Chemist: 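Submitted below is the structure of interest, expressed as structure tokens.
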Protein chains: 2
Amino acid sequence: MGHSRAQKAKTHKRIVSIASKKFREEGLAGVGIAELMKEAGLTVGGFYKHFDSRDDLVAEAVSSAFGGWKRRVDAAKAGSPPVSYEKLIDEYLNEAHRDNPGTGCAFSVLAPEIARSDKRTRALTSEQVRNDIELIAALCPAKDKRTARSTAILTFSALVGAMALARAVSDEALSREILNTVAELLKNSA
Amino acid sequence: MGHSRAQKAKTHKRIVSIASKKFREEGLAGVGIAELMKEAGLTVGGFYKHFDSRDDLVAEAVSSAFGGWKRRVDAAKAGSPPVSYEKLIDEYLNEAHRDNPGTGCAFSVLAPEIARSDKRTRALTSEQVRNDIELIAALCPAKDKRTARSTAILTFSALVGAMALARAVSDEALSREILNTVAELLKNSA
DNA sequence: ATTATCTATAGATCTATAGATAATGC
DNA sequence: ATTATCTATAGATCTATAGATAATGC
């Protein structure tokens with residue numbers, strides 16, 4: 001009990017990181033504060049010294065979930081050679097990503113719940129969608145900037161939708177068909 | 001109290017219909033049994049004479065939500081002239097659909113929660129995804145059947161993803177850009 | 001007699017708060 | 001002295017069940 005401020009900052013980050021994972025796995029409405037704190041090795045009581053409300057944590061956790069994906073794409077882009085459009089598609093539309101939503105793209109699993117969330121979370125999401133569109137557009141082998149942006153928006157939508165559908169169906173063959181077909185078509189038409 | 005069997009069947013349908021709408025509006029985890037029964041003009045106690053469990057209602061309500069969309073597309077297809085691929089896209093990707101999830105496509109709003117639901121609901125979803133792919137493929141102006149099916153899968157994914165993203169962002173201009181861009185690209189590339 | 005619905009409630013769980021405790025930080 | 005965490009709990013809500021009531025259906 002009663003630890004240092006440095007410790008508190010670390011604890012705060014741990015709670016957010018765990019929430020970010022659990023929310024993607026169970027949904028924003030699917031995990032309680034007690035469970036999250038327990039996973040962080042803490043108890044419920046301490047929660048409200050870290051966050052004013054549950055919505056506060058949701059906003060931070062969603063932001064953190066976006067951050068993970070952003071870091072990965074940024075790193076891939078900055079690599080030499082920078083990651084290709086084709087590679088991005090393959091990194092998204094695969095079975096490992098499908099089977100591990102907790103560490104994957106937040107949009108594919110949280111978009112509908114974010115749509116029902118508070119203004120802060122949705123504003124944060126707008127910003128992230130804008131960033132991701134620009135990121136994908138920068139990788140698009142398109143003629144002009146306008147076309148690249150349009151292609152990026154279609155690509156982004158298809159990635160998110162295909163992943164959501166591939167996870168929702170129980171038929172494994174159908175699930176794979178969705179992932180593979182969308183990946184192939186996106187790569188061939190860009 | 002104590003009504004006829006015909007009445008019970010009607011009541012059952014009313015509960016499912018209300019659940020189908022509310023689940024799309026608030027998520028599968030976002031509405032309680034008491035609230036649903038109250039909206040149907042009933043009380044909690046009667047619920048379990050209609051359904052063995054909450055999951056039973058979820059399965060029926062999701063099925064019902066799929067049915068609505070299916071009926072609409074079937075009708076459009078059977079019309080003379082049958083609805084075109086372009087028309088289908090426009091009927092999906094518009095602001096009215098975006099702003100009324102309760103009467104819209106269940107995938108765009110429930111896919112992530114369905115992925116966490118029981119086998120029955122997911123099996124039912126597989127069947128519906130299969131149907132919808134075939135439905136869209138039948139409208140695709142593509143060379144051969146294989147190409148039509150691939151295009152249908154990409155189209156379906158892009159529709160669902162674009163709608164989910166358009167609803168998640170708070171920036172109205174960005175939301176519209178997503179809907180319009182995906183609609184235009186799908187129509188031009190098919 | 002059966003049953004569709006009602007009222008009432010058990011038992012679990014969820015967000016948030018109050019007050020105690022044990023450490024840090026001045 | 002302040003504060004990060006703990007235990008305990010209030011008050012709301014959620015699924016599910018028990019038992020009463022008033023209608024149908026034989």
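Please read all numbers here as calculations on a predicted model, not as lab measurements. Lettering of chains follows the sequences in order, A, B, ..., and the numbering in each one begins at 1.
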Chemist: What's the CZ-P distance between Arg5(A) and dT24(C), to the nearest Å?
Modeler: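 Going from Arg5(A) (CZ) to dT24(C) (P), I get 13 Å.
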Chemist: Identify, between Ala6(B) and Met37(A), the residue whose nearest nucleotide on DNA chain D lies closer to the 5' end.
Modeler: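 Its nearest nucleotide being more 5', the pick is Met37(A).
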Chemist: Are any protein N/O atoms closer than 3.5 Å to N/O atoms in nucleotides 10-12 of chain D? If there are, list each pair with its distance.
Modeler:
none

Chemist: How far apart are the closest heavy atoms of Ile133(A) and Ala152(A), and which atoms are they?
Modeler: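 Heavy-atom minimum between the residues: O-CB, 3.5 Å.
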Chemist: Could you measure the distance from the OG atom of Ser17(B) to the CD atom of Glu39(B)? Nearest 0.5 Å is fine.
Modeler: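 Here the rounded value is 10.5 Å.
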Chemist: Check the distance between dT5(D)'s P and His12(A)'s NE2 and give it to me in whole angstrom.
Modeler: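 The answer, rounded to whole Å, is 11 Å.
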Chemist: How long is the span from the CD atom in Glu35(A) to the CD1 atom in Ile33(A), to the nearest 0.5 Å?
Modeler: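 Taking CD in Glu35(A) and CD1 in Ile33(A), the distance rounds to 11.5 Å.
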Chemist: Just jot down the side chain to side chain contact (heavy atoms under 4.5 Å, CB included) partners of Ser53(A), sequence neighbours excluded, or say none.
Modeler: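 With neighbours one apart ignored, the set is Asp55(A), Asp56(A).
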Chemist: Expressed in angstrom and rounded to an integer, what is the separation of Glu26(A) atom CD from dC14(C) atom C1'?
Modeler: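 Those two atoms, CD and C1', are 16 Å apart.
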Chemist: Starting at CD1 of Ile15(A) and ending at C1' of dT5(D), how long is that distance when rounded to a whole Å?
Modeler: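 In whole Å, dT5(D) C1' and Ile15(A) CD1 are 10 Å from each other.
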Chemist: Whole-Å distance between dT24(D) C1' and Gln7(B) CD?
Modeler: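 Atom-to-atom, Gln7(B) to dT24(D), this comes out as 12 Å.
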Chemist: Without decimals, in angstroms, what is the distance between Lys8(B) NZ and dG25(D) P?
Modeler: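 Atom NZ in Lys8(B) sits about 12 Å away from atom P in dG25(D).
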Chemist: Using OP1 and OP2 only, check whether a side-chain N or O of Thr11(A) sits under 4.0 Å from dT5(D).
Modeler: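 Yes, within the criterion.
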Chemist: Which residues in residues 38-61 of chain B have a heavy atom closer than 4.0 Å to any atom of DNA chain C?
Modeler: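 Under 4.0 Å from DNA chain C: Gly41(B), Leu42(B), Thr43(B), Gly45(B), Gly46(B), Lys49(B), His50(B).
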Chemist: Measure CG/Leu36(A) against P/dA16(C) and give the value in whole Å, please.
Modeler: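 Leu36(A) atom CG is separated from dA16(C) atom P by 13 Å.
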Chemist: Verify the distance criterion only: is there a donor paired with an acceptor across the side chains of Tyr85(A) and Thr151(A) at less than 3.5 Å?
Modeler: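 Tyr85(A) vs Thr151(A): no donor-acceptor pair found between side chains.
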Chemist: Under a 3.5 Å cut-off on both pairing distances, which runs of 3 or more consecutive Watson-Crick or G-U pairs involve DNA chain C?
Modeler: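 Looking at DNA chain C, the stems formed by three or more consecutive pairs are C:1-24 with D:1-24.
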Chemist: Indicate whether any N or O donor in one side chain lies under 3.5 Å from an N or O acceptor in the other, for Arg167(B) and Ser175(B).
Modeler: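 No.
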Chemist: Side-chain donor-acceptor pair under 3.5 Å between Glu60(A) and His12(A), yes or no?
Modeler: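 Side-chain D/A pair, Glu60(A) to His12(A): present.
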Chemist: Rounded to the Å, how far apart are Lys10(A) NZ and dT24(C) P?
Modeler: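 Rounding to the nearest Å, NZ of Lys10(A) and P of dT24(C) are 14 Å apart.
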Chemist: Throw together a table of side-chain donor-acceptor distances under 3.5 angstrom for residues 179-186 of chain B, partners on residues two or more places apart or in other chains.
Modeler:
{"from": "Asn180(B)", "atom 1": "ND2", "to": "Arg176(B)", "atom 2": "O", "distance (Å)": "3.3"}
{"from": "Thr181(B)", "atom 1": "OG1", "to": "Glu177(B)", "atom 2": "O", "distance (Å)": "2.6"}

Chemist: Are a donor atom and an acceptor atom from the side chains of Asn100(B) and Thr103(B) found within less than 3.5 Å of each other?
Modeler: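 No, no side-chain donor-acceptor contact under 3.5 Å.
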Chemist: Answer yes if the side chains of Ser117(B) and Arg122(B) hold a donor-acceptor pair under 3.5 Å, and no otherwise.
Modeler: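 On atom types as modelled, these side chains do not qualify, holding no pair under 3.5 Å.
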Chemist: Return the set of residues passing side chain to side chain contact (heavy atoms under 4.5 Å, CB included) with Asp171(A) (not counting sequence neighbours), or none when no residue passes.
Modeler: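 Expected list: Ala173(A), Leu174(A), Ser126(B), Arg130(B).
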